[in-house]
Amino acid sequence: MARADSRKILADLKAHRRKGAPIDMRRAFERDPKRFAEFSAKADDLLLDYSKCAVNTRTMKLLAQLAKACDVEAKRDQMFAGAIINSTEQRAVLHTALRNRANTPVLVSGKDVMPDVNAVLASMAAFARKIRKSKITDVVNIGIGGSDLGPAMTTLALAPYHDGPRLHYVSNVDGAHIADTLKLLKPETTLFLIASKTFTTIETMTNAQTARKWIAEKLGEAHVGEHFAAISTAIPKVKAFGISEDRIFGFWDWVGGRYSIWSAIGLPLMIAIGPERFINFLEGGHAMDRHFREAPVLENLPMLMGLLGVWHRNICGYPSRAIIPYDQRLSRFPAYLQQLDMESNGKRVTKSGKPVKGDTGPIVWGEPGTNGQHAFFQLLHQGTGIIPVEFLIAADPHEDKAMREHHALLVANCLAQSQALMLGRTEKEAEAQLLAMGKSKAEAKALAPHRVFTGNRPSVTLAYRQLDPFTLGRLIALYEHRVFVEAAIWNINAFDQWGVELGKELATGLQPVVEGKKGTEGLDSSTAGLVKFLRKLG
Ligand SMILES: O=P(O)(O)OC[C@H]1O[C@](O)(CO)[C@@H](O)[C@@H]1O
């Protein structure tokens, strides 16, 4: 089908919503005891419950038609086949090859990439084993964006499996970050991993030079080599920094930074949890790839999440979505998804450079539950706008039986929040409750509006057995593919990030002005005023 069909389906979806699809969820649940069964799907033991979204059978049928009209399945197959789908950079997009545990050939310009993928994985494993057995007690990953968020988030998520040296992550160019980290370390037992796809990112290079100076000052220049290793696609630049070839772990231009946790960028995680568990993590990603390629659209978790994302963004007009893991170890997952989602789909032109009609990526944000409940949930429940929520919850915690009470409370809270968003509380119910609490009729009437919850607010819940390496791999791949599905429908390129360039260029120009080596002439008066103010106080 052509894109004209997709415009027609979008119009049908809008009409369908206007004319009152389900859409009172409370009543829909009362009427249909099978609602959960109809509007949930599983990939093995990973469950997506989307019955608490205001959709019905026709909504899902129209959304499936939209996926067809936008050729989502064909585009997916092109990605897996190594087609040049990152059109502005003329690159294939093959992070899936990095976790291709079936080891089937994956061709880029006619060449199978799997032998190189396997070779890097083997050298990472040998290095990780060596470090895990060595005197190294602390490993510091210096990187930013995709060269930081993935390993940092996964190291925290897999804390129960962490039996290697301590891991530290330094990303910010703010000297406070590396200074506070170095204070915790002994140079003799510290290894620095410099992680940068391009090996030009100014934050990473500045931190790397500071770390290099620290080692040289404390141990002598001759010892620098043994305390550094690097992860990059730019091997000559790494060598010029002074890191020997046997300590460089490469990857390829067909791996985007925010999709690179599966590559050598995952080395710190591998050092933390060991190569075998890292392979389990890759296997999880691969299992989700198979599900994405094989499951029919309405049983396919990434397709469903992508389609619901489009429903909420384009049909319902919700500008943001909240990610709330009821899993403390996923506390950096929302930050990780911010880069994955917003750097991929924060685009205003289509693949052919024309302005997009309608909206693209929403604002993604979140915090772990239950903490968020005591901070911003007020707005989720009673604010004037609607924000779809994505809850994540494990069935089986790692903590021992003595702490089961914690988990029961965690689960109860997670389920209660999605229930409250959906059910709400009417004014009549609020009044009745106040009367039962002993308030007078007049008091109940006055207070009731403050205690009303409009309800009918959408959420999905992702439930899994346990946050182990395999499941974490599945969850990350699920979100990657959801971003892909949305981009395919919006017809945008999810794999470039030109939007980060302008600020970088301007910062380079401003650095000498801030340092006082250049005057403020020609700058806008706000920037000039701020420079002067900061220079005076600094
Ligand atoms: O790994 P590099 O090349 O240092 O880049 C770090 C990050 O910077 C970005 O290019 C954005 O500035 C991200 O896409 C990337 O993950």
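Read the numbers this way: they start at 1 and go in the same order the structure lists the ligands and their atoms. Small disclaimer: the values here were computed from a predicted structure and weren't measured.
Counting non-hydrogen atoms of other residues, nucleotides and ligands closer than 6.0 Å to CD of Gln209 gives a total above 12. Atom CZ of Arg332 has 12 or fewer neighbouring heavy atoms from other residues, nucleotides or ligands inside a 6.0 Å radius.
Residue Glu343 holds the heavy atom nearest to atom 11 (C) of ligand 1 of all those in Gln497, Glu501, Glu343. Residue nearest to atom 2 (P) of ligand 1, selected from Ile144, Ile202, Thr201: Thr201 (by heavy-atom distance). Checking Glu203, Lys504, Arg258 against atom 10 (O) of ligand 1, the nearest heavy atom belongs to Lys504.
Contact annotation: for Thr198 versus ligand 1, heavy atoms closer than 4.0 Å belong to both the backbone and the side chain.
On a distance-only criterion, Gln339 and ligand 1 share at least one N/O pair closer than 3.5 Å.
A cation-pi contact, defined as under 6.0 Å to the ring centre and within 45° of the axis, links Arg99 to Trp262.
Using modelled atom types and a 3.5 Å distance limit, the side chains of Asp138 and Thr190 yield no donor-acceptor pair. Glu283 and His286 form no side-chain donor-acceptor contact under 3.5 Å, judged by distance and modelled atom types alone.
Looking only at heavy atoms of the protein, atom 16 (O) of ligand 1 is closest to Gly146 N, 2.7 Å.
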